[in-house]
Structures are given as C-alpha cells and as structure tokens.
Amino acid sequence: MTDATNDPTDAEIDAAIADDVLADDDLGPIDQLIAERDQWKDRALRAVAEAENTKKRAEAQNNDARAYAIQRFARDLLGVADNLERALQAAPKDAEGAAAGLITGLEMTQKSLLSAFEANNLVRVAPAAGEAFDPHLHQAMMEQPSTEVDGGKVIQTLQAGYALFGRTVRPAMVVVAAKGSGAQASASDQVAGAAAYAKANEQG
C-alpha cells in the first residue's frame, strides 16, 4: 500500500504549475531579444550586399561613361591607324637611304599609336588564320573554300578591328572558310564548297 503522505497535494500541484508559468514568462524577453538580434543581423547583411551592388553599378556606369566619352574620338583615330598600316604595306621592303628612314619613322609612329590605344583600353582585333570566327568581334566579308583552314574559321583578316572596354568599336573584316574546308575534309566536300563559293560570286 502506498504512503498517501508522499503524494503531492492539490496545493503543491498548483504551485508547481505557477512556477512553470513564471519560468515561461521569464524566457519571453530573451526570445524577443534573440529575434530582434536576428532581425538586425539580417538588415546589416542586406545593407552590406546593397552597398556592394551599388559600388559595382557605379563602377560599371563610370566605365560606360568613359567608354562613351572616348569612343567617338577613338573611332576617328582608327582612320589614322588604317592609313599608317596601308602606307607600311605599300612601302618597298628593300628601301635604302632616306626612304628606309621614312619607313622606320612610319613603323615607330604606328607602334606609338597602338601603344596609346592599348593604354586607353582600345585593343586591336586582327585574328590570325585558323582562329575561330567570333560574330561579336569579326565581320565576314566573304566565304571561300580552303584546304588549310577548317570551315567556319578565319582565313585572312582584310582590315583590323578594335574593341574598347570589351565593346566592339569596329569589327575586324575577315575572310571565312566555307563549309567542308580543311585538310581533313574529303575531296567531295571541297568540291562542293568551291561550287557553292563560285555560285555565290556569280549571284553577287
């Protein structure tokens, strides 16, 4: 038989319940502080992210403004660079005396001009034979069969292009290898490519 004196009385049970309620009430302000802390932490993280995004947007806008400011001037200077290049291409390779000195002067002027371009992020684009055709930087002026270059790749650069801060100021004018070109292409593919090229020229 159990000892009834060890069983809790109704008064003791009520007191225990009251103590639990008080304990819960004591935890309430702590939970509230934790929630407020988390809220302010979240706001701080959002503020840092927003500041970083604002900084990136400002840098992008500054680059755009700078590029726009010099893009027109740069485009005008491209004519000078083209004329220098044409003059050097037409210059005799075996020149002597005053003519040789003039050619050397033109080469130095071209080098100095290109260095000034690069210092201002105006980059010359002149793909070599075999480089992949990039429609963002290159403009295909013609397509022709080739036994050395695979189809869709550059055969020759007719006129150099330029890019400013990654944006094309003037695309490079190139000749592109026709479909079926390349050393590994079959004879039938090369014949078909040559026929398509001839037909395109007749229609043009």
Side-chain angles (χ1 to χ4, degrees), residues 58-185 190 193-194 196-204:
E59 289 176 353
Q61 289 172 355
N62 286 339
N63 287 340
D64 288 345
R66 184 181 177 194
Y68 180 78
I70 65 174
Q71 186 172 6
R72 190 171 180 179
F73 179 64
R75 191 177 287 114
D76 291 340
L77 283 179
L78 296 187
V80 178
D82 292 340
N83 288 334
L84 277 172
E85 189 165 357
R86 290 188 195 101
L88 287 171
Q89 288 174 350
K93 305 301 180 186
D94 55 351
E96 297 179 357
L102 178 61
I103 294 171
T104 301
L106 287 174
E107 290 173 345
M108 293 176 64
T109 302
Q110 183 190 42
K111 184 177 179 180
S112 178
L113 181 62
L114 293 178
S115 296
F117 283 174
E118 290 183 8
N120 288 278
N121 292 295
L122 183 62
V123 181
R124 189 172 186 267
V125 179
E131 287 189 27
F133 176 78
D134 184 347
H136 300 292
L137 295 173
H138 311 151
Q139 180 178 352
M141 303 306 294
M142 65 180 72
E143 188 179 56
Q144 65 185 40
S146 171
T147 57
E148 298 177 356
V149 177
D150 293 336
K153 294 188 176 181
V154 175
I155 296 177
Q156 177 187 1
T157 296
L158 301 176
Q159 184 182 55
Y162 289 86
L164 181 66
F165 291 105
R167 295 183 176 183
T168 302
V169 176
R170 185 183 74 188
M173 298 180 182
V174 299
V175 179
V176 180
K179 182 179 179 181
S181 296
Q184 301 300 324
Q190 292 181 10
Y197 173 67
K199 184 176 180 181
N201 284 344
E202 289 175 4
Q203 291 177 349

message: Using 0.5 Å steps for rounding, measure from the CD atom of Glu107 to the CG atom of Leu102.
response: 10.0 Å
query: CG/Leu88 to CG/Asn83 distance, rounded to the nearest 0.5 angstrom?
result: 11.0 Å
field: Exercise: identify the closest heavy-atom pair between Arg170 and Asp82
entry: NH1-OD2, 2.6 Å
query: Side chains of Val175 and Leu158: does their closest heavy-atom pair fall under 4.5 Å?
result: yes
message: If we ignore hydrogens and angles and just use 3.5 Å, is the side chain of Ser115 paired with the main-chain N or O of Lys111 as donor and acceptor?
response: yes
message: Measuring from atom CG of Asp134 to atom OG1 of Thr168, what distance do you get when rounded to the nearest 0.5 angstrom?
response: 7.5 Å
task: Assess whether atom CD of Glu59 is packed by more than 12 heavy atoms of other residues, nucleotides or ligands within 6.0 Å.
output: yes
field: Derivation of the side chain to side chain contact (heavy atoms under 4.5 Å, CB included) call for Gln110 and Glu85
entry: CA-CA 8 Å; Gln110 183 190 42; Glu85 189 165 357; 3.9 Å; yes
field: Which atom of Pro127 lies closest to which atom of Thr157, heavy atoms considered
entry: O-OG1, 2.6 Å
Minimum heavy-atom distance between Val176 and Ala140, given as atom pair plus value: CG2-CB, 3.7 Å
- prompt: Do Ile70 and Asn121 come close enough that some side-chain heavy atom pair is under 4.5 Å?
  reply: no
- prompt: Which of these, Gln159, Met173, Gln156, sits in a side-chain contact (heavy atoms from CB on, under 4.5 Å) with Met141?
  reply: Met173
- prompt: Under 6.0 Å from the CZ atom of Arg75, do we count more than 12 heavy atoms belonging to anything else shown?
  reply: yes
message: So which atom in Pro145 and which in Ile155 form the shortest heavy-atom distance, rounded to 0.1 Å?
response: O-CD1, 4.5 Å
query: How far apart are the closest heavy atoms of Ala81 and Tyr162, and which atoms are they?
result: CB-OH, 3.7 Å
query: Which distance, rounded to the nearest 0.5 Å, do you find between the CG of Leu164 and the CZ of Phe73?
result: 12.0 Å
- line: side-chain contact (heavy atoms from CB on, under 4.5 Å) with Pro171: of Gln139, His138, His136, only one passes, and it is Gln139
- prompt: Which pair of heavy atoms, one from Ala126 and one from Arg124, lies closest together, and at what distance?
  reply: CB-NH1, 3.6 Å
